Amino acid sequence: MSEGTESAALAELAKRRGFFFGSSEAYGGVGGFYTYGPQGAALKSNVEEAWRDRFAVQEGNLEIEAPTIMPEPVFEASGHLDGFDDMLVECAECGESHRADHLIEDNSELEDAETLSPEEAAEKIAGLGLVCPNCGAELAGQSVEEFNLMFGTNIGPGSKTPGYLRPETAQGIFVEFPRIKEYARNRLPFGVTQVGRAYRNEISPRKNIVRTREFTQAELEQFIDPERDEPDLSSVEDVEVRLYPATEQQADDGDYLDITIGEAVDEGIVANGWIGYYLGIAQEWYEHIGVDMERFRFRQHLPGELAHYAADCWDAESEVDGDWIEIAGFAYRGDYDLSKHGEHADDDFTVFQQYDEPKTVERAVVDPDMATLGPEFGAQAADVAEALETLAERDPDAFDADEVTLDIDGEDVTVDTDVANFSVETQTEAGEHITPHVVEPSFGVDRTVYTLLVHAYEQDEVDGEARTFLSLSPTIAPTNVGVFPLVSNVDELVDLADDVAEELRAAGFAVVYDDSGSIGRRYRRQDEVGTPFCVTIDRDGIEGAGDTTVTIRERDTGRQVRVPVDSLVETFVGLRAGTTSFDDVLDANEVVEA
RNA sequence: GCACCGGUGGUCUAAUGGUAAGACAUUGGCCUUCCAAGCCAAUUAUCUGGGUUCGAUUCCCAGCCGGUGCACCA
């Protein structure tokens with residue numbers, strides 16, 4: 001396919017065949033929201049299930065499901081609210097957008113420009129005669145636009161409890177960390193996954209389901225002790241990946257690096273072993289579900305591209321119409337998330353790590369005599385006691401004197417040293433509280449579905465007629481099997497086809513039964529939704545001596561094989577799981593000549 | 001959000017200041033055939049609002065939706 005037409009052709013097919021289409025079209029439509037039709041919903045569900053199996057079940061990770069709405073303080077802690085009141089002003093000359101509040105603060109005495117209304121900010125800009133930092137043009141007269149990337153709402157009656165639709169599923173995991181760590185029995189490392197919706201009020205949704213305002217993420221937060229926990233790379237060290245490191249992107253003749261995970265980690269190209277581990281798993285998973293690995297790469301974020309908290313980040317990218325789209329991100333987030341919640345929330349976001357050997361330490365402690373401090377200092381007594389403890393840790397020598405001087409709310413207070421009951425004790429420390437670091441593989445499910453569809457979209461020619469088909473993997477194809485009586489006016493064929501469809505459905509397959517029109521037309525319908533196999537019941541199969549047989553047709557090649565009807569379920573179980581290939585079925589049965 | 005372009009049955013296209021044509025698809029019937037067969041019939045459309053006009057799907061304005069570029073994507 002030539003560039004630029006692939007996604008258009010797919011969008012047309014997606015609408016017509018029930019994969020996805022714009023939502024609420026009956027009411028004029030709404031930007032950035034899509035509805036998955038029957039085929040799309042099934043495909044997406046299969047992708048999610050495949051992800052869940054690989055990243056939660058196979059890894060022994062813990063899956064949770066948190067609400068999509070969380071109260072405001074969560075996002076104060078996470079930093080998502082910072083961008084809430086951002087004001088943008090666009091230069092009419094060069095088109096560059098600037099943060100209006102920052103411009104004003106940089107050029108005036110004002111320090112809280114963020115609190116201005118957009119109208120006030122626009123007046124300030126005009127009043128101060130501000131110019132575009134990029135090209136120097138006057139900004140006066142330009143309107144100031146406010147943008148909120150989070151959807152806000154109110155929780156309960158009235159508007160006393162503001163809340164937001166989560167802009168990423170990750171916060172649901174971080175916020176519940178104190179309880180999850182208990183569930184995990186306080187033993188690092190452990191991973192927590194969540195598949196769910198996230199919401200961003202995008203300024204400009206684009207490229208159909210690639211950037212929407214409501215989307216599905218599959219996220220994994222791997223919690224580790226950076227001092228102790230190393231991933232076991234043995235299962236992925238030989239996995240070959242195509243890397244596009246920052247150094248190559250910056251080089252004039254930058255190129256991809258085809259390399260194994262083991263080498264990439266050894267050579268420090270992928271600096272963190274955990275990131276390397278998940279790149280390897282992701283590589284295999286994408287291949288398994290049918291991403292075209294010739295149109296796939298891992299691209300490292302450039303230094304300027306990194307979020308302020310991320311030490312390193314790699315994106316999985318797939319190629320569509322000549323553009324690369326981000327379909328997953330693998331970020332080393334350090335202890336940023338849990339530290340932030342630890343500071344803002346009441347709960348404890350640390351894990352107690354026991355030392356291999358308990359440590360013996362000498363520690364200066366005080367045991368203030370409150371019976372004396374209470375009457376003497378009244379309401380300040382507790383502060384005095386606390387100040388004594390702090391002083392003991394910081395400057396034990398101060399207790400050598402007869403009295404110590406403390407700073408209580410800016411006031412010097414003198415206390416007899418005796419009252420403090422100062423001593424140096426020998427203590428045994430069994431371990432320490434650490435804030436776990438986070439490695440975050442985060443997958444965009446919708447973009448993965450889109451990639452699968454685009455990469456599966458193929459056209460060929462059968463008997464001089466163009467044919468369109470989706471070469472989806474049997475593992476994730478939304479419809480597993482089409483079942484057709486060759487003709488619809490022979491009761492024996494129709495009855496047997498009904499029985500076959502029913503039996504396959506009972507065995508857990510998504511089956512489409514179709515007896516309308518010509519057989520070729522029915523094959524084409526299934527080709528367009530990527531149904532990998534069709535079963536046709538014909539006269540040859542039910543007449544004459546011997547077992548009743550039917551034919552199975554393979555979507556991509558049109559090859560057919562005649563198999564006993566009794567073997568269908570077993571055959572399709574193998575074909576769907578990928579443990580049997582169609583060639584295996586051909587070898588074991590009678591091939592039908594075209 | 002800005003700029004440019006576009007919006008006609010389910011889909012893809014045509015045409016038009018005088019009430020919309022075709023293909024494919026869909027449904028029913030005939031036929032019964034392993035790759036979109038044929039024949040007969042049927043269903044289905046001018047994005048929304050305002051303006052100009054005797055009359056607007058057509059021209060103008062605004063909005064909505066989509067595409068592309070810019071910006072944004074924490």
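Numbers restart at 1 for each chain; the letters A, B, ... are given by sequence-line order, proteins then strands. This structure is a prediction, so every number in the text was calculated from the model and none was measured.
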Asks: Does Y523(A) have R553(A) sitting over its ring (NZ/CZ under 6.0 Å from centre, angle to axis within 45°)?
Replies: yes
Asks: What's Q560(A) touching, base or sugar-phosphate or nothing? Going by heavy atoms closer than 4.0 Å.
Replies: base
Asks: Grab the CG-P distance between D321(A) and G67(B) for me, whole Å please.
Replies: 12 Å
Asks: Whole angstroms only, please: what is the CG-P distance between D514(A) and C34(B)?
Replies: 16 Å
Asks: What's R522(A) touching, base or sugar-phosphate or nothing? Going by heavy atoms closer than 4.0 Å.
Replies: nothing
Asks: What does G558(A) touch in the nucleic acid at a heavy-atom separation under 4.0 angstrom: a base, only the sugar-phosphate, or nothing?
Replies: base
Asks: Using atom P in both nucleotides, what's the gap between U58(B) and C39(B) to the nearest angstrom?
Replies: 37 Å
Asks: Should K340(A) and D337(A) count as an ion pair when the cut-off is N to O under 4.0 Å?
Replies: no
Asks: Can you check whether S204(A) has a side-chain N or O nearer than 4.0 Å to OP1 or OP2 of G1(B)?
Replies: no
Asks: Can you tell me the base-pairing partner of U11(B)? Count Watson-Crick or G-U wobble geometry only, both distances below 3.5 Å, and say none if there is no partner.
Replies: A23(B)
Asks: For G55(B), which nucleotide in any strand shown is its Watson-Crick or wobble partner with both distances under 3.5 Å?
Replies: none
Asks: Looking only at heavy atoms, what is the nearest atom pair of R559(A) and D583(A), with distance?
Replies: NH1-OD1, 2.9 Å
Asks: Grab the CD1-P distance between I519(A) and C35(B) for me, whole Å please.
Replies: 9 Å
Asks: Assess whether one donor atom and one acceptor atom, taken from the side chain of R553(A) and the base of C35(B), lie less than 3.5 Å apart.
Replies: yes
Asks: So which nucleotide does C70(B) pair with, by the Watson-Crick or G-U wobble rule with both distances under 3.5 Å?
Replies: G1(B)
Asks: Which whole-number value in Å describes the distance from L149(A) CG to G1(B) C1'?
Replies: 13 Å
Asks: Let's see if you get this right: which residues in residues 524-531 of chain A place a heavy atom under 4.0 Å from RNA chain B?
Replies: R524(A), R525(A), E528(A)
Asks: Could you state the atom-to-atom distance from CZ of R559(A) to P of C35(B) in whole Å?
Replies: 17 Å
Asks: Mind checking if G32(A) touches a base, just sugar-phosphate, or nothing, with heavy atoms under 4.0 Å?
Replies: sugar-phosphate
Asks: Round to a whole Å and report the spacing from CD of Q459(A) to P of A36(B).
Replies: 16 Å
Asks: Rounded to whole Å, please give me the gap between CZ in R211(A) and P in U68(B).
Replies: 11 Å
Asks: Within 45° of the axis and under 6.0 Å from the centre of the six-membered ring of Y199(A), does NZ or CZ of R197(A) qualify?
Replies: no
Asks: Now, which nucleotide makes the Watson-Crick or G-U wobble pair with U33(B), with each of the two distances under 3.5 Å?
Replies: none
Asks: Answer yes or no for R299(A) and W324(A): cation-pi contact, defined as NZ/CZ to six-membered ring centre under 6.0 Å and angle to ring axis within 45°.
Replies: no
Asks: Expressed in whole Å, how much space separates the C1' atoms belonging to C72(B) and A3(B)?
Replies: 16 Å
Asks: What distance, rounded to whole Å, do you find between the two C1' atoms, one in G69(B) and one in U11(B)?
Replies: 28 Å
Asks: Using heavy-atom distances to pick each residue's nearest nucleotide on RNA chain B, tell me which of E305(A) and T468(A) is more 5'.
Replies: T468(A)
Asks: Would you call the rings of F20(A) and Y34(A) parallel, tilted or perpendicular, where under 30° means parallel and over 60° means perpendicular?
Replies: perpendicular
Asks: Side chain of R521(A): nearest nucleotide among G1(B), U26(B), U32(B)?
Replies: U26(B)
Asks: Which value, in whole Å, describes the distance between the P atoms of nucleotides C2(B) and A37(B)?
Replies: 49 Å
Asks: Determine whether any donor atom in the side chain of E202(A) lies under 3.5 Å from an acceptor atom in the base of C73(B), or the reverse, and answer yes or no.
Replies: no
Asks: Counting side-chain heavy atoms from C-beta on, which of A25(B), A74(B), G66(B) comes nearest to Y34(A)?
Replies: G66(B)
Asks: In whole Å, what separates the C1' atom of A45(B) from that of A36(B)?
Replies: 24 Å
Asks: Please tell me which of the listed nucleotides, U33(B), U11(B), A74(B), lies nearest to the side chain of L486(A)?
Replies: U33(B)
Asks: Decide if atom CD of Q249(A) counts as having more than 12 heavy atoms of other residues, nucleotides or ligands within a radius under 6.0 Å.
Replies: yes
Asks: Got a salt bridge between K15(A) and E25(A), using NZ or NE/NH1/NH2 to carboxylate O under 4.0 Å?
Replies: no
Asks: Return the nucleotide paired to A62(B): Watson-Crick means purine N1 to pyrimidine N3 with N6-O4 or O6-N4, wobble means G-U with N1-O2 and O6-N3, both under 3.5 Å.
Replies: U48(B)
Asks: Do Y286(A) and F443(A) have their ring centres less than 6.0 Å from each other?
Replies: yes
Asks: Quick one: do the Y278(A) and Q222(A) side chains pair a donor with an acceptor below 3.5 Å?
Replies: yes
Asks: Would you kindly check whether a donor in the side chain of T551(A) faces an acceptor in the base of C34(B), or vice versa, at under 3.5 angstrom?
Replies: yes
Asks: Specify the separation, in whole Å, of atom OH of Y27(A) and atom P of G49(B).
Replies: 14 Å
Asks: Assess the side chains of T169(A) and Q194(A): does a donor N or O sit below 3.5 Å from an acceptor N or O?
Replies: no
Asks: In residues 532-542 of chain A, what residues come within less than 4.0 Å of RNA chain B, judged by heavy atoms?
Replies: T536(A), D538(A), R539(A)
Asks: Please report the distance separating the P of U13(B) from the corresponding atom of G9(B), rounded so that it comes out in whole Å.
Replies: 11 Å
Asks: Between A56(B) and U48(B), how far is it from one P atom to the other, in whole Å?
Replies: 14 Å
Asks: Here's a test of your reading of the structure: between L306(A) and V30(A), which maps to the more 5' nucleotide of RNA chain B?
Replies: V30(A)
Asks: Taking atom C1' in both C64(B) and C47(B), compute the distance separating them and give it to the nearest angstrom.
Replies: 8 Å
Asks: Considering only side-chain heavy atoms of V487(A), which listed nucleotide, U33(B), C35(B), U11(B), is closest?
Replies: U33(B)
Asks: Parallel, tilted or perpendicular, judged at 30° and 60°: which one describes the rings of F75(A) and Y164(A)?
Replies: perpendicular
